[in-house]
Amino acid sequence: MTADLFETASRRSLLGGMAALGAIAAMPAGAALAAAAKPRRIDVHRHTFSPPYVAARRASRSLTPQLADGMDPARSLEDMDQGGVSLSIMSAPSAPKESFADPQAMRRFAREQNEWLARVRADHPTRFGFFAVTALPDVEGSLREIEYAFDTLKADGVGLVTNYGDKWLGDPAFAPVFDELNRRKAVIYTHPTSANCCTGLLNASGVDDANIEYGTDTTRALANVVFGGTAARCPDIRMIWSHAGGTMPFLVERFVKLAQTPKFAAKFPQGFLPDARKFYYDTAQTSNGLGAPMAALKKVVPMSHILFGTDYPWRTTAETVKGLKDNRIFSAGELKAIDVDNMLALLPQFKG
Amino acid sequence: MARRIDVHHHLAAPHLLPGLIDAGILLKHDAEAMTAAHALDDMDKGGVTTAINSPPAPPHAVIDNRDRAISFARENNEYFARLVSDHKGRFGFFAALPMPYVDAVLKEIEYALDTLKADGVYLMTSYQDHWLGDAVFAPVFDELNRRKTLIYTHPLSPYCCTKPLKEVVMPDAMIEFGTDTTRAIANMVFGGTSRRCPDLRVIWSHAGGTMPFLIYRFLKTAGIPVNAQKLPQGVVHELKRFYYDTAQASHPVLLTALKQVVGLEHTVFGSDYPWGLSPTCVAELEAAGVLSADEMRAIDYANILPLLPRFQ
């Protein structure tokens with residue numbers, strides 16, 4: 001543990017200690033506040049749900065008590081302080097699949113979560129930002145929610161899941177939403193969910209969807225956005241893919257070759273990589289793993305497009321920080337870029 | 001003498017090729033390359049001394065029909081056995097099996113291994129949404145374990161997820177193949193087969209699908225108490241017992257990940273002929289900048305040779 005890595009936590013206790021000693025006057029108040037505002041580590045992958053929704057999920061046992069407790073922003077702040085995260089961009093990506101076919105339910109879910117996310121940020125304006133939920137797959141409701149979330153709630157971006165039933169991001173049905181997000185030059189944070197094809201396939205062996213299906217679904221969505229033409233049509237969106245891009249970095253050579261086939265070559269004169277390298281990728285649930293995912297990601301995408309993410313409450317900040325360090329894949333300078341610089345370039349409103 | 005053994009090499013009985021074209025498994029020019037003469041020519045160019053043949057993935061219509069599954073396996077196996085005797089030392093074969101028909105599979109194992117002297121068996125990663133390691137296949141794995149058989153596995157378009165992206169028509173080899181290999185690995189390990197059958201030797205195609213990239217999740221799944229009890233030596237120990245081929249996997253990203261996750265002691269050369277050409281595979285492996293000369297030699301033949309007594 002170093003003071004630098006845990007600056008937020010140590011600064012808090014330091015300030016408390018100094019105040020107790022009456023020494024606070026020795027520090028210029030302006031400098032202390034500037035230091036306090038300056039982010040040291042930004043978590044782009046952190047979840048919360050509205051309390052009523054958490055209560056319902058707790059009751060239906062689709063969230064364990066531990067995870068349900070972790071959705072409380074106060075718990076989140078404890079975890080952030082323990083791991084040196086000064087700012088988290090919160091998201092509530094996991095819309096209930098059974099509601100996909102019900103536009104009214106999707107609209108209600110989105111609005112309830114967005115009001116909640118906005119309140120969490122308002123309560124802790126230096127600690128939290130948020131990615132707004134849309135009503136997808138309901139396009140009309142999504143366009144209205146995007147307007148409300150950006151213009152009224154001042155969301156920092158939107159959070160989408162990789163598929164909505166049988167349609168992946170990049171599907172023509174979602175074009176109006178992507179066009180609007182492109183017009184707004186929005187940051188789009190994406191989160192995997194298991195698709196209709198592939199839910200519970202290995203339940204009998206105790207292998208849940210997050211183990212394999214999540215990573216694959218991110219790859220499907222990424223491929224669909226690129227090869228389906230959305231990436232080219234919407235050059236101003238900034239997309240973040242969770243979990244180091246699912247499995248894309250591992251399958252990259254296959255995509256490079258696909259872009260060279262006659263079917264795609266004319267549309268991809270520079271090949272697949274320029275599109276892949278325009279996207280952003282977070283470190284959640286891939287921070288370690290014998291170094292394999294981060295080594296692969298670093299080889300495939302620019303260092304400036306790797307963002308720190310934890311997946312709290314499923315994983316802790318401390319575990320993610322340790323994983324990234326233990327990998328020995330990144331230099332100190334590269335870790336700092338992942339921790340804070342890359343994210344500030346994407347969301348300059350948090351530069352403080 | 002420099003040797004190179006290709007474990008990922010597809011041919012098929014000539015009279016079955018038109019059916020595979022019709023089913024969309026092969027393009028016409030793939031089928032044209034699938035003759036012994038063309039294959040030997042490619043092997044000579046790539047320094048492959050021996051290729052262990054296996055057929056392309058059987059179409060779903062073959063898997064779904066017991067009689068067709070049986071004849072697809074038998075006819076390919078007879079053909080492969082003939083190639084072994086016609087071209088001494090150049091070909092071996094992994095016997096196709098009429099999965100998922102367990103009683104017929106057990107008969108074909110006996111015939112292929114005892115009479116035709118196959119070097120091992122060929123299994124797809126899943127059949128009708130049952131992945132390798134599924135309880136319905138237990139008698140097959142128990143028999144293969146008893147025989148200490150070498151199992152070469154290959155992905156297919158899984159029933160669950162054939163061409164899921166409707167608007168972007170891309171081959172399932174792009175995403176779905178790699179994933180199905182990963183599912184089969186997870187099912188073999190966490191479903192208990194790999195522990196129950198300690199004498200199985202399994203080769204996974206394409207550097208293990210996407211398993212090396214998803215290893216963090218495997219470690220987490222293995223940490224869940226109910227799974228941890230099943231894997232007293234941990235999940236990496238189980239994964240290191242498997243073998244991994246380099247077919248469509250000579251990119252530095254994949255080789256590096258394999259090295260990090262399971263080491264290269266069980267990495268074996270595969271070309272994916274006719275979809276991969278052996279000189280290209282060799283050149284890419286050498287150009288990757290990941291493998292030492294010793295590691296390259298081990299991958300070329302030394303790692304696999306102990307499992308192929310016919311060629312020792």
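Throughout, a chain's letter reflects where its sequence line sits, starting with A, and its residues are numbered from 1.
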Inset, instruction - Select one option (side chain, backbone, both, neither) describing which atoms of B:A173 are under 4.5 Å from chain A's heavy atoms. - result: both
Inset, instruction - Decide whether a cation-pi geometry holds between A:K257 and A:F255; the criteria are a distance under 6.0 Å from NZ or CZ to the six-membered ring centre and an angle within 45° of the ring axis. - result: no
Inset, instruction - Mind ranking B:H130, B:K166, B:H206 by heavy-atom pairs under 4.5 Å with chain A and telling me who comes out on top? - result: B:H206
Inset, instruction - Name the option with the most non-hydrogen atom pairs under 4.5 Å to chain A; the candidates are B:V168, B:V261, B:L219, B:I224. - result: B:V168
Legend entry - Largest heavy-atom contact set with chain A, pairs under 4.5 Å, which of B:G192, B:P164, B:A257: B:P164
Inset, instruction - Take atom NZ of A:K167 as the centre, draw a 6.0 Å sphere, and report whether it contains more than 12 heavy atoms from other residues, nucleotides or ligands. - result: no
Legend entry - Check: A:F268 ring centre within less than 6.0 Å of A:F227 ring centre: yes
Legend entry - Residue, of A:K263, A:E253, A:M248, that accumulates the most heavy atom pairs under 4.5 Å with chain B: A:E253
Inset, instruction - Among the options B:I215, B:T256, B:T162, B:L214, pick out the one with the most heavy-atom pairs lying under 4.5 Å from chain A. - result: B:L214
Inset, instruction - With a 4.5 angstrom heavy-atom cut-off, could you sort out which part of B:T179 is near chain A: side chain, backbone, both or neither? - result: both
Legend entry - No-hydrogen, no-angle side-chain donor-acceptor test under 3.5 Å, A:R315 and A:Q285: yes
Legend entry - Top contributor to chain B interface from A:A195, A:A204, A:A296 [non-hydrogen pairs under 4.5 Å]: A:A296
Inset, instruction - Identify which part of A:K298 has an atom lying under 4.5 Å from any heavy atom of chain B, answering side chain, backbone, both or neither. - result: neither
Legend entry - Proximity breakdown for A:A244 and chain B, heavy-atom pairs closer than 4.5 Å: both
Legend entry - Residue A:V256 versus chain B: region with a heavy atom under 4.5 Å: neither
Legend entry - Basic-acidic side-chain contact under 4.0 Å: A:R220, A:D217: yes
Legend entry - salt bridge (charged side-chain N to carboxylate O under 4.0 Å, His left out) partners of A:K322, counting only residues at least two apart: A:D326
Legend entry - Among B:H251, B:R217, B:E176, residue most engaged with chain A (heavy-atom pairs, under 4.5 Å): B:R217
Inset, instruction - Name the region of B:V189, side chain, backbone, both or neither, that has any atom closer than 4.5 Å to a heavy atom of chain A. - result: neither
Inset, instruction - Answer with side chain, backbone, both or neither: which region of A:L251 has an atom nearer than 4.5 Å to a non-hydrogen atom of chain B? - result: side chain
Legend entry - Residues B:E265 and B:N303: side-chain donor-acceptor under 3.5 angstrom: no
Inset, instruction - Would you please indicate if the ring centroids of B:Y244 and B:H266 are separated by under 6.0 Å? - result: no
Legend entry - Under 4.5 Å from a heavy atom of chain A, the part of B:P171 involved: side chain
Legend entry - Stepwise side-chain hydrogen bond (donor to acceptor under 3.5 Å, both in side chains) test for B:T182 and B:T210: CA-CA 6 Å; B:T182 309; B:T210 54; 2.6 Å; yes
Inset, instruction - Under 4.5 Å, counting heavy-atom pairs only, tell me which of A:N224, A:T219, A:N288 racks up the most with chain B. - result: A:N224
Legend entry - Residue part contacting chain A, namely of B:N227, when any heavy atom lies under 4.5 Å: side chain
Legend entry - Cationic N near anionic O, under 4.0 Å, B:R183 to A:E213: yes
Inset, instruction - Taking the side chain as every heavy atom from C-beta outward, state whether A:D282 and A:W241 have any atom pair closer than 4.5 Å. - result: no
Inset, instruction - Flag the one option from A:G170, A:G229, A:G323, A:P172 with the top tally of heavy-atom pairs under 4.5 Å to chain B. - result: A:P172
Legend entry - Electrostatic pair A:D311-A:R46, nearest N-O below 4.0 angstrom: no
Inset, instruction - For side-chain hydrogen bond (donor to acceptor under 3.5 Å, both in side chains), just list the numbers for B:D180 and B:Y159, CA-CA rounded to whole Å, side-chain angles, deciding distance to a tenth of an Å, and then say yes or no. - result: CA-CA 10 Å; B:D180 214 55; B:Y159 281 64; over 6 Å; no
Inset, instruction - Check whether the ring centres of A:F264 and A:F272 lie less than 6.0 Å apart, and answer yes or no. - result: no
Legend entry - A:A210, part contacting chain B, at a heavy-atom distance under 4.5 Å: both
Legend entry - Residue, of A:A223, A:G291, A:A221, that accumulates the most heavy atom pairs under 4.5 Å with chain B: A:G291
Inset, instruction - Go through the atoms of B:K259 and report whether side chain, backbone, both or neither lie under 4.5 Å from a heavy atom of chain A. - result: neither
Inset, instruction - May I ask you to name which of A:T286, A:L201, A:V207, A:D171 has the most heavy-atom pairs under 4.5 Å with chain B? - result: A:L201
Inset, instruction - Please look at A:S287 and chain B and tell me whether the side chain, the backbone, both or neither of the residue comes under 4.5 angstrom of a heavy atom of that chain. - result: both
Inset, instruction - Against chain A, label B:V226 side chain, backbone, both or neither, depending on which of its atoms sit under 4.5 Å from a heavy atom there. - result: neither
Legend entry - Region of B:L254 in contact with chain A, defined by heavy-atom distances below 4.5 Å: both
Inset, instruction - Answer yes or no: is there a side-chain heavy-atom contact under 4.5 Å between A:F279 and A:I240? - result: no
Legend entry - Leading residue by heavy atom contact count with chain A [cutoff under 4.5 Å; candidates B:D134, B:T221, B:V236, B:L258]: B:T221
